[in-house]
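Okay, so here's the structure we're looking at.
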Protein chains: 4
Amino acid sequence: MIRAAIVGASGYTGGELLRLLLDHPQVEVVAATSRRHSGAYAYQVHPNLRRRTALKFISPESLGSADVLLLALPHGEAQHKIDELARLAPRIIDLSADFRLRNPQAYERWYGAPHAAPDWLSRFVYGLPELDREAIAGASHVSGVGCNAAATILALLPLARAGLIEPLGPVVVEVKVGSSEGGAEGNPGSHHPERSGVIRTFSAFGHRHTAEVIQAFGREDVSLTMTSVDTVRGALATAHVTVHSGLTSKDLWQAYREVTGAHVFLRLVKESRGVYRVPEPKILAGSNYADLGFEYDEANQHVVAMCAIDNLMKGAAGTAVQCLNLMHGWDETLGLTFPGLHPL
Amino acid sequence: MIRAAIVGASGYTGGELLRLLLDHPQVEVVAATSRRHSGAYAYQVHPNLRRRTALKFISPESLGSADVLLLALPHGEAQHKIDELARLAPRIIDLSADFRLRNPQAYERWYGAPHAAPDWLSRFVYGLPELDREAIAGASHVSGVGCNAAATILALLPLARAGLIEPLGPVVVEVKVGSSEGGAEGNPGSHHPERSGVIRTFSAFGHRHTAEVIQAFGREDVSLTMTSVDTVRGALATAHVTVHSGLTSKDLWQAYREVTGAHVFLRLVKESRGVYRVPEPKILAGSNYADLGFEYDEANQHVVAMCAIDNLMKGAAGTAVQCLNLMHGWDETLGLTFPGLHPL
Amino acid sequence: MIRAAIVGASGYTGGELLRLLLDHPQVEVVAATSRRHSGAYAYQVHPNLRRRTALKFISPESLGSADVLLLALPHGEAQHKIDELARLAPRIIDLSADFRLRNPQAYERWYGAPHAAPDWLSRFVYGLPELDREAIAGASHVSGVGCNAAATILALLPLARAGLIEPLGPVVVEVKVGSSEGGAEGNPGSHHPERSGVIRTFSAFGHRHTAEVIQAFGREDVSLTMTSVDTVRGALATAHVTVHSGLTSKDLWQAYREVTGAHVFLRLVKESRGVYRVPEPKILAGSNYADLGFEYDEANQHVVAMCAIDNLMKGAAGTAVQCLNLMHGWDETLGLTFPGLHPL
Amino acid sequence: MIRAAIVGASGYTGGELLRLLLDHPQVEVVAATSRRHSGAYAYQVHPNLRRRTALKFISPESLGSADVLLLALPHGEAQHKIDELARLAPRIIDLSADFRLRNPQAYERWYGAPHAAPDWLSRFVYGLPELDREAIAGASHVSGVGCNAAATILALLPLARAGLIEPLGPVVVEVKVGSSEGGAEGNPGSHHPERSGVIRTFSAFGHRHTAEVIQAFGREDVSLTMTSVDTVRGALATAHVTVHSGLTSKDLWQAYREVTGAHVFLRLVKESRGVYRVPEPKILAGSNYADLGFEYDEANQHVVAMCAIDNLMKGAAGTAVQCLNLMHGWDETLGLTFPGLHPL
């Protein structure tokens, strides 16, 4: 059993971390901080945890040492206290955007300000196990992933790994997302009468998660267009990719099977009958699976590559716990076995 | 053509009033005030009005005279400036809760503070035409209605008018409502991830609209239990009533036909086949209809009486325009002919 | 490890049973039947089970022996083959309505036809552990529960157990339910454009689950009014009850604490702040909790008693697995620890 | 006043036509056919029309002559009886897919079967007024539009009219749609528990509406990817377009202003503040507006061009009535002035 503390536990990602770790067979949650809800029972903020824990949120200042810290602070905070936090625990997983990029220039370009602790950037490993499981297993400091970045990277992964993508020509990615992605704080656009039933493109270009996709594949010509739709959890990334000429459908099947075969949380969904023929986030709520799929228009060398995730799980807390497992040499799926619900 | 001004036009009720009056054949909207959005185009707040009007919101202080003022201010404001407002126009329709009750004691009991202009209470007529059309037609000052009160009163109206209800024994009313009822300002509970998919009983007893039902029928033993569900517009009031012994289903049919026959916006919905057999708010969005229905358990003298409305129309702006029509001797349905959409 | 078979595994209840038993530490699922989907992989019908099981549905005729059968057949089927099924396994849990009532006359009254195996009625125990845990623990044949009955019974349980309810006067119960309650087969009213956003009272009187409530408490004057709202999972039962005069709020608190203290899956939700102050099904999806709450209008001796559940879990498959645990002397919560998600 | 008959009036498009024409100042609806619901009151199928019309559906065989026929039959039916129908009325507007394409080969390619009345194809004008208002005004036979085609064509129209699009390189269009697009008949995927909350890409390539886009702009390299989301009405087409190098944002503004200035139902939505900054179908329910918007990534010559519509209005019945108006020399907006609701 290791002693874990969650820093910033009152947001949606923090709450999901708490839920997962409370049921994790190798973890004891020794503390959970919340500046705003300090002193409150965790279940008063995360009502699903009622009767599951008597934990009370403590103030960030009261945080003591632990074996691992999981940081779920608002973006921009962790980089200012990383030295201080690093003294409290030998291992840190930071779910914010602060340590996802390796390059300080890239950080400044996408986040609009210089990084406050640029030296730390190289000490963090990007926390998507499907990109580099070994690096995470050997790391003491791991970042989280942007949920839309994770969905996009995983959508592209089979094609990229197999080297099927044309080097030139834009990769157009449309991501459709639920409302939990915006976090636990309301805003005028998240007020239910304004948010219900929307198909709202809130970012056509320049979404910050794009930087993670560029970093993952080393190509700049990727655009993410983000559209909010009426669900709470879930994201579907749809990437439009030009592949090499002469490829057959069989080549693509093989590329997908290779990748989904190598990673326990990736599933290929490509059915010819039934209701659920393609990846859909709807059935993934609470699950750590990323469902992949593709369609191929051979005449135009055009592949539509899809990835569906629960943005709070595979796109945030689930992947973080997966990294936690890898960092400790445990089975990758420990505490992550909930399969999702049908119907929901 | 009369000159109308809307005071407090940036909320949901104000926006609905604006939409209705812009298309009203006998009305010219000469001003619309908004303290918060003063200077903005109306369509920037109410995006459905883009290209429909070049009207800009003005500050409340800039308001000049008009033939009629429609007040859609937050509750508690109009009573403090009613004298001042009354000097600007000979006719006022106040959609807030300020002038709905005739009795200052009742106001204080339900609203928790003494009324600021108790003398004005008797000068206002309660603005539900189906209760007293003549009084409204002859009035210069008319109140709006509470949306849940309107739905409840109309649900009970056929039984009450026909004298079928037992004088003793509680009238239990369950009202299920959409999120627009909470108004245009967000709160933690209206944040989409928290509000989506809810079945949330936010008030078991003591909802203020109860006072209007008590006033309408002169009996105190009425309780309203309010539950939020996942829709934006719409309210369904379901009243559980004990009726006199010996009544037949035919007696009830007759009571309903009498009332729905006498009021152009009341419809009896009681089908034995098809999807839409009972009143449902879903098909009433944008419509001023109130759909009534009932079921009768003769063995227990128990009637379930239902009324479905669009809370922003028949429950607010629609009924106000209906009153406006009556006050000017116009056809009651002027500007209120949109029938609602199917499907939606 | 016991060997369990699910009979009728392609519906929503059957799928939920399958999900639960696949992760149950003491159960091996040896067969799952589906007439319609015989030969298909379970995950083709229940897409959340992809990669979780290679189980294929078999035809009902191929079913062999097992330690326990869980029947999730359409209502009316199990009673016609109960003798045959009973030969296959010493223990049966039947989730249909066929063996919930003890009295054949009651069955005929509520289901409109004589029971096909009336002798079996007395051999089944009604499967709601909170009503009689001991009886279930000692039984070989246990029925499931009607989801609305379960919610209603649990809403009333604290008041009934403490003897606080007036013997005369109707108990009016309003139940608001999601669409999964209607089962996996579509109908014109479940077509998304017709079902989305509804507040649809599909049964004002006479819902068959009423019979279970009457049986549980031995009083006839209970009415259930059923209203569909826009969610997939979840039911909220709101019971309007007249309690003895002179009761204080404290008396009620004590009654609730007694019952929620005695049953691990019952929680009292009654907060004075935060978003989640009362029982809400929204946060219970996938969980076996039943959340109870109450509000008290002392002046009118009127209690509003609430119970929120996931209709497919505590209202169906969850309670069945809870019974399975009790019948085998295992911890009641085995395989039922998923706490639900927030937000969702 | 002209005499209009609706053929196939029980579907969603037919119902919307009926709603519009019943309120149209120049039209008398003399008949509405429905094979399935023959003899039923129109309001029993379209419940929003209760008290608005005493019209009963007649069987197709009973249809007599009229001044204009509006055909809302399932795809593939009108082409088999067009001669017969043409004898009943001098003017026909066919809302099905049967007469949208000019080229019989294109029809066969996209619809998988030879056209049954190829000679008629050249006698119909494609019924999107924004493409060729004059042709429609002078036509006796006009087709409807595919809703996704209409949204896509209008999204691209400003760029195409101004000649800003690069001739080579794919035009990738992602269309997000509501459930009413699937029509009034249910299917397993439209069952509410399966359809609620989805982000479901039901067609990655080859959607038939693509043919109309290709026909409109004369380029083949257009792909439509269709994704269902949780709303009933509404479609948002997002087109990814490579434009000529050297274009400035100003050039694009001008192109959009030119087109939205020339067409009364097109609005440019591009705000820098507020909730509704981009086109959104949510506020368009019941309205005939098509809201256009764009974002420009100058570095990559990449334009994201958006168009939001109500698929049953601008995407079907609304545009058909607009054509009807043009064909009779009436104001284009007659009967089409409902602006949509906010909030909804």
Side-chain angles (χ1 to χ4, degrees), chain B residues 12 15-16 18-20 22-23 37 40-41 43-53 178-180 183-184 196-197 230-234 260 264-269 271-280 282-287 289 291 310 312-313 337-344, chain D residues 12 15-16 18-20 22-23 37 40-41 43-53 178-180 183-184 196-197 230-234 260 264-269 271-280 282-287 289 291 310 312-313 337-344:
Chain B
Y12 289 157
E16 199 69 347
L18 185 54
R19 176 181 72 81
L20 292 170
L22 285 171
D23 279 345
H37 295 280
Y41 285 107
Y43 70 76
Q44 293 180 306
V45 175
H46 304 302
N48 55 331
L49 301 183
R50 185 182 293 269
R51 270 219 174 175
R52 303 305 285 258
T53 177
S179 60
S180 63
S196 175
D230 196 352
T231 186
V232 173
R233 291 197 179 214
T260 56
V264 65
F265 285 118
L266 303 191
R267 301 188 292 196
L268 176 58
V269 180
E271 299 284 333
S272 55
R273 55 200 302 181
V275 170
Y276 295 88
R277 305 180 186 195
V278 292
E280 286 196 44
K282 179 182 163 70
I283 55 159
L284 296 176
S287 148
Y289 285 117
D291 282 351
D310 176 345
L312 293 177
M313 284 293 300
T337 54
F338 180 70
L341 297 168
H342 173 252
L344 185 65
Chain D
Y12 289 157
E16 199 67 348
L18 186 53
R19 175 179 73 80
L20 292 171
L22 285 171
D23 280 346
H37 295 282
Y41 284 106
Y43 70 77
Q44 293 180 306
V45 175
H46 304 302
N48 54 331
L49 301 183
R50 185 181 293 269
R51 269 217 176 179
R52 302 305 284 258
T53 178
S179 60
S180 63
S196 175
D230 196 352
T231 186
V232 172
R233 290 196 181 215
T260 55
V264 65
F265 286 118
L266 304 190
R267 301 187 293 196
L268 176 58
V269 181
E271 299 284 333
S272 55
R273 54 200 302 180
V275 170
Y276 295 88
R277 305 179 186 195
V278 293
E280 286 197 42
K282 179 181 163 69
I283 57 160
L284 296 177
S287 147
Y289 285 117
D291 281 353
D310 175 345
L312 294 177
M313 285 293 300
T337 54
F338 180 71
L341 296 168
H342 173 251
L344 186 65

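Each chain gets a letter, A, B and so on, in the order its sequence line appears, and its residues count up from 1.
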Which atom of [X] lies closest to which atom of [Y], heavy atoms considered:
X        : Y        : answer
B/Met313 : B/Ser287 : CB-O, 3.1 Å
B/Val264 : B/Tyr289 : O-CE2, 3.7 Å
B/Tyr12  : D/Pro343 : CD2-CD, 3.5 Å

Counting heavy-atom pairs under 4.5 angstrom with chain D, the leader among B/Leu344, B/Asp23, B/Leu312 is B/Leu344
What part of [X] gets closer than 4.5 Å to chain B, counting heavy atoms only: side chain, backbone, both or neither?
X        : value
D/Leu266 : backbone
D/Leu20  : neither
D/Arg50  : both
D/Val45  : backbone
D/Thr53  : neither

Working to the nearest 0.5 Å, report the span between OH of D/Tyr41 and CG of D/Leu49.
-> 14.5 Å
Nearest-0.5 Å distance, CG of residue D/Asp230 to CG of residue B/Asp230 | 8.5 Å
Chain D contact via B/Leu284 - which portion, at a heavy-atom distance below 4.5 Å = neither
Select one option (side chain, backbone, both, neither) describing which atoms of B/Ser196 are under 4.5 Å from chain D's heavy atoms.
-> neither
Top contributor to chain B contacts, counting heavy-atom pairs under 4.5 Å, from [options]:
options                               : answer
D/Arg273, D/Arg19, D/Arg267, D/His46  : D/Arg267
D/Glu271, D/Glu280, D/Gln44           : D/Glu271
D/Ser179, D/Gly340, D/Pro47           : D/Pro47
D/Thr231, D/Val269, D/Leu22, D/Asp291 : D/Val269

Once the angle between the rings of D/Phe338 and B/Phe338 is folded into 0 to 90°, is it parallel (under 30°), tilted (30 to 60°) or perpendicular (over 60°)?
-> parallel
Donor-acceptor contact below 3.5 Å, side chain B/Arg51 vs main chain B/Tyr43 = no
Does the B/Asp310 side chain pair with the main chain of B/Gly286, one donor and one acceptor, at a distance under 3.5 Å?
-> yes
